[in-house]
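Data block below; observations after.
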Amino acid sequence: MEYAFNGKEGIEQKWQEKWKQAHAYRVNNVSDKPKYYVLDMFPYPSGAGLHVGHPLGYIASDIYSRYKRLKGFNVLHPMGFDSFGLPAEQYAIETGQHPAATTEKNIETFKKQLDKIGFCYDWDREVRTSSPDYYKWTQWIFLQLYNSYFCSTLQKARPMADLLQQYETAGSKDFTAAEWNAFNEKEKSEWLMKRRLAYCGYGEVNWCEALGTVLANDEVVNGVSERGGHPVEKKKLRQWYLRITAYADRLLHGLTTVDFSDAMKEMQSNWIGKSSGAEIDFAIKGSDRNLRVYTTRPDTIFGVDFMVLAPELDLIQAIQSEAQSKAVEEYIAYVKSRSERERMAEKKISGCFTGAFAIHPFDGREIPIWISEYVLAGYGTGAIMAVPCGDERDFAFAHYYGIPITNIIGDFYTGEAANATKDAVLEKSGFLTGLLMRDAIEVAITAIEEKGIGTRKVNYRMRDAAFSRQRYWGEPFPITWKDGIASEWKGDLPLRLPHVDKYGPGPDGAGPLANIPEWVAQELETNTMPGYAGSSWYFLRYMDPHNAASFCDRKASDYWNQVDVYIGGTEHAVGHLLYSRMWTKILFDLGWIGFDEPFKKLVNQGMIQGSSRFVYSISTVGGTPPNHFQPFEFLISNDIIQQYASLFDKNKEEAVEFIKNKVNKLSVSRSFTADDFSSISFTPHRVPVEYVDGVNLDMAALSRFRNDYSKATFVVEDGGEYICGIEVEKMSKTKYNTVNPDELCEKYGADTFRMYEMFLGPVEQSKPWDTKGIEGVHRFLRKLWRLFNNDIKGAVWTNEKATDAELKILHRSIKKIEEDTEKFSFNTAVSAFMICVNELGDVKCHKKEVLEKMLILLAPYAPHIAEELWQQLGNEGFVIDATFPKFDASLLTESSKEYPISINGKVRANMSLSLTLTQEEVEAAVTANETILKWLDGNPPKKIIYVKNKMINVVI
RNA sequence: ACUCGAGUGGUGGAACUGGUAGACACGCAGGACUUAAAAUCCUGUUCGCAGCAAUGCGAGUGUGGGUUCAAUUCCCAUCUCGAGUACCA
């Protein structure tokens, strides 16, 4: 019998169907086994389908889930779709198809592709964020946030009702109870809005004109939108926000309780950006207003040489001098004229003196007040005290405008550049003189507080998250507006997204829902929620996916508890992961769930990049050179002859020489002259990777691919081959570098594909895809198959008793594979399988006793072949319900071993010694050995180092 | 610019807590079987030098130093690549 993995008769399809029919992967919420929750980051179902990069993490999690199940756990391993979001709507606008329809279609494609790889998902638990049964609860959770506030004394969320009661009976720091009760509805609603965890307010938002919506900070990269790369500008708009800043400290602290990579923790804590320091008030000369600045270095207060305000501050108008008012006005106008992108692209020093002076609180110096765009209005107080000797930016500014610099750190400051050290002893610093800077910080804050001119202050870089989108394809807010007062929608959830035929924006920057008369008539909120709303809690819904009475029954969430392993890419480091951590904390605070960190352990799989292949067209007539491609300078051809030269690894000179030697030998429509070569150039063109074997182009196939290649002449290497250029870049259809998993599954089988993806290298590592090595893994599976079956003779496995040697091979593999799987080192585990099968093949071991255990080890990695052979051995039930074999250490012990003996690290001989020796016994044996003593020339050894089970080194 | 992470054969990558670097696989070369091909199997494969040969000698984990009997692993400096942040006071 042959290893027939594919096709209708193939074992892979056969078992996939049987598993499905038998509901082999159904998971029950009631079990006497310990639970284990393995989660993938669910995909956004894009129209492009899967490429080989997507399944990497899914394969890893599938292997781990199956492994845990074999180890006796009740494993939850679900899958679903993040099906609300911008791209579906953009696609709808472009093609006129309804996003509901395209999303549905895309999901079907995704599921079909995923099923081919043989994952053990419990599809009965599938969730889709765009389904009303699901977003009903997204809306419900939103209302929980809307109806809660963050209590700063308890550091947790509490119902708004508690706050209201407090206001009514005791008032607050802003008003008395009596004042509160006298407020009208609108005033009350505004005060309450200031505390809600999901609140509506005016603020500067990232507005993307091309997409017609606002974006959260993490959706903006380098001043352009993450999706589509459209420019983003700041705009003041009414928006919904999540008060994530209230949770900053807990999000930071929570990081110490979870098992995330250090890099991930650092990314999150950098994003939160906690800094502690002080806010200090400076009096302003001739004004009754104060200037409040924020600094993390109050120890440098005697080094202040000027103050800088963000140009947006209102205070400027109040303090500027008559003489400077025109200059100030012009500068502010200039700043306003600059877009966010320009500001980022060219960071040049600019600013303007206001004519006003602040008074130093300790030495009474007059300090000039400047404005400059390098100070951000949104952070701290929007004003800083500038200490040029200690801060680079302040130094550059002072240098540029010729402001005199005070040195308070002695030799640490050279006059050439600022020095941000904390290790200097302060000079010329009044009562701080003589103190070490890091100690002076506390002393300064105390003095400031005692003097009543400032307070200790903690700041965060993180802003509240913009939570509304002016788009159609998202969850509607269950909120109505009347006379500018927001209130909860009175109907039963879900508030369904109405069907529309057009997705154009509504009036005045409102979303498409504003175009629907029935919607507007009900005074419903016309914004929708952002893509991350549904994905912030989906891991909870999997636990209890069909519950119509609750987002997730407390019993279910208590049972499944935290996600034990969460697998996904790093791209969600500061978005999704922070939001879902926040939502979990709120649901925990309100008592709906019993844990406040959603993910116990996070594994970040690397990205699989595409490896694009290039051909180069030759042109001898000038044009405009695109400058993005190295190492040649390319000109666009307007020559009619299409010639493509093999230029891999050649530099420009070599390439020209190559063409010179080759081109005139070809029968082309005209020959080249020396003149042509002076202006020769090459233009790269991506060609589909499937037409290239390694770097070798299949020229015939490419000629059939597109019309312009059919007339092409290929300038080839001496051997007749065309060598393509290579560049590693993102895998994408438009770059012709995608590799489809379906085709690989068809050609080699899902098992080969799964193992090969793992064999490529550590899951965490990013790497370009290369199909070349897949044969090796495939060969391994066929070798394994032949241990059971012979192509001609049929079954060859026997019931004979295994020898010690055979058991040793098996148990060494059990140990290695168990260890590797446990620590997600799947690539080395695959190697261990290969070694094991090679060794069993070498000793011609066909014994059931050994092979059966092998199959269980293999089942997580290559479930189809394992299942087939498992049944061939006559087993009842699926291999996934087997028990992971127990490693028997006693089988691996040896009574004695040849040890290399070295002197000062240099190996001299081997010596046979018992394995159970202790350090002392080894020393005795070595010093008693005459040969060794001879080497030592009678000198006693200084030290004898015995590295367990490896070697013995004698140091002299 | 700052903060992390990584640099190992022709290639992907192994190497426990410092302990015989290059496992496993690809590729390549040679061979067996075959009329032939495919498939399969065997041998070799870090580099240099010497030898008919088994083998021996030397170098070798980006570069330059250091600690150690012993360094891919630890320390210092430096270069290159990747990721994140980007005026956060």
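The sequence lines fix the lettering, A, B, ..., with proteins before strands; numbering per chain opens at 1. Keep in mind that this is a model prediction, so the values were computed, not measured.
Going from atom CG of N838(A) over to atom P of C41(B) covers 9 Å, rounded to whole Å. Distance, I608(A) CD1 to G82(B) P: 19 Å, rounded to whole Å. One can place NZ of K772(A) at 12 Å from P of C26(B), the figure rounded to the nearest angstrom. Atom P of nucleotide A39(B) and atom NZ of K783(A) are separated by 14 Å, given to the nearest angstrom. For the pair W785(A) CH2 and U40(B) P, the interatomic distance rounds to 16 Å; values are reported in whole Å. D262(A) has its CG atom 8 Å from the P atom of G5(B), to the nearest Å. Note: CD (E839(A)) to P (C24(B)) measures 9 Å, nearest angstrom. Spacing between atom CG of N604(A) and atom C1' of A6(B) amounts to 16 Å, rounded to whole angstrom units.
Among the heavy atoms of the strands, none lies under 4.0 Å from D394(A). V375(A) comes within 4.0 angstrom of a base, heavy atoms only. Counting non-hydrogen atoms under 4.0 angstrom, I774(A) reaches nothing in the nucleic acid. Among the atoms of the strands shown, none is found under 4.0 Å from any heavy atom of D770(A). Heavy atoms of K823(A) sit nowhere under 4.0 angstrom from any nucleic acid atom.
Two rings, from Y756(A) and H778(A), have their centers 6.0 Å or more apart. Not less than 6.0 angstrom separates the ring centroid of F397(A) from the ring centroid of F395(A).
The base-pairing partner of C81(B), taking Watson-Crick or G-U wobble contacts with both distances under 3.5 Å, is G5(B). Applying the Watson-Crick and G-U wobble criteria (two distances, each under 3.5 Å), A53(B) pairs with nothing in any strand. Under the Watson-Crick and G-U wobble criteria, each requiring two contacts below 3.5 Å, nucleotide U46(B) is paired to A59(B). Using Watson-Crick or G-U wobble geometry with both donor-acceptor distances under 3.5 Å, U40(B) finds its partner in A32(B). Across all strands shown, the partner of C26(B) is G10(B), judged by Watson-Crick or G-U wobble contacts whose two distances both fall under 3.5 Å. A70(B) makes up no base pair with any nucleotide shown, lacking Watson-Crick or G-U wobble contacts both under 3.5 Å. U17(B) makes up no base pair with any nucleotide shown, lacking Watson-Crick or G-U wobble contacts both under 3.5 Å.
For S831(A), the side-chain atoms get nearest to C24(B) when compared with the rest of U85(B), U40(B), C24(B). Side-chain proximity of I835(A) to the nucleotides U40(B), C69(B), A23(B) is greatest for A23(B). Residue V574(A) places its side chain closer to U85(B) than to any other of U85(B), U40(B), G13(B). With distances taken from any side-chain atom of R461(A) to the nucleotides A89(B), G19(B), U85(B), the minimum falls on U85(B). Of the candidates A25(B), C87(B), C42(B), the closest approach to any side-chain atom of Y374(A) belongs to C87(B). Here G12(B) is the nucleotide among G12(B), U85(B), C69(B) with the atom lying nearest to any side-chain atom of L760(A). Among the nucleotides G84(B), A25(B), A89(B), the one closest to any side-chain atom of D391(A) is A89(B). Side-chain proximity of M267(A) to C24(B), A86(B), G84(B): nearest is G84(B). Proximity note for S275(A) (side chain, C-beta onward) versus U3(B), A89(B), U85(B): the nearest is A89(B). Closest contact between the side chain of A263(A) and the listed nucleotides G12(B), G13(B), C4(B) involves C4(B).
The same atom, P, is picked in A89(B) and in A15(B); the two are 40 Å apart, to the nearest Å. Spacing between A39(B) and U45(B) at atom C1', rounded to whole Å, works out to 24 Å. When the C1' atom is compared between U72(B) and C2(B), the two are found 28 Å apart, to the nearest whole Å. Using C1' as the reference atom, U68(B) and G19(B) are 12 Å apart when rounded to the nearest Å. Rounded to a whole angstrom, the distance from the C1' atom of G60(B) to that of A21(B) is 9 Å. For the P atoms, the distance from A77(B) to C69(B) is 24 Å, rounded to whole Å. Using P as the reference atom, G31(B) and A38(B) are 15 Å apart when rounded to the nearest Å. A distance of about 14 Å separates the P atoms of C75(B) and G7(B), rounded to the whole Å.
Between Y861(A) and F833(A), the angle of the ring planes goes over 60°, which puts this pair in the perpendicular group of the 30/60° scheme.
Side chains of D305(A) and T406(A): a donor-acceptor N/O pair is present below 3.5 angstrom, by distance only. A donor-acceptor contact closer than 3.5 angstrom is absent between the side chains of T570(A) and N604(A). For the 3.5 Å distance criterion, the side chains of Y748(A) and T771(A) fail to qualify, holding no donor opposite an acceptor.
Position along RNA chain B of the nearest nucleotide to A377(A) versus K816(A) favours K816(A) as the more 5'-ward residue. Summary of the strand contacts: M385(A) and P768(A) both lie near RNA chain B, and taking for each the nucleotide with the nearest heavy atom, the more 5' one is attributed to P768(A).
Contact check, R779(A) against C26(B): a side-chain N or O comes under 4.0 Å of OP1 or OP2. Between N827(A) and A14(B), a side-chain N or O to OP1/OP2 separation shorter than 4.0 Å is present. Between R786(A) and the phosphate of C41(B), there is a side-chain N or O to OP1/OP2 separation shorter than 4.0 Å. Remark: Q765(A) is not in phosphate contact with A6(B), judged by side-chain N or O atoms under 4.0 Å from OP1 or OP2.
For the atom pair OH of Y460(A) and OG1 of T245(A), the computed distance is 9.5 Å after rounding to the nearest 0.5 Å.
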- Message: Pair I371(A), I332(A) - check side chain to side chain contact (heavy atoms under 4.5 Å, CB included), show working.
- Response: CA-CA 9 Å; I371(A) 59 174; I332(A) 291 173; 4.1 Å; yes
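Taking 4.0 Å as the cut-off between side-chain N and carboxylate O, E819(A) and K823(A) do not count as a salt-bridged pair.
Look at G7(B): its glycosidic torsion is beyond 90° from 0, and that puts it in the anti range.
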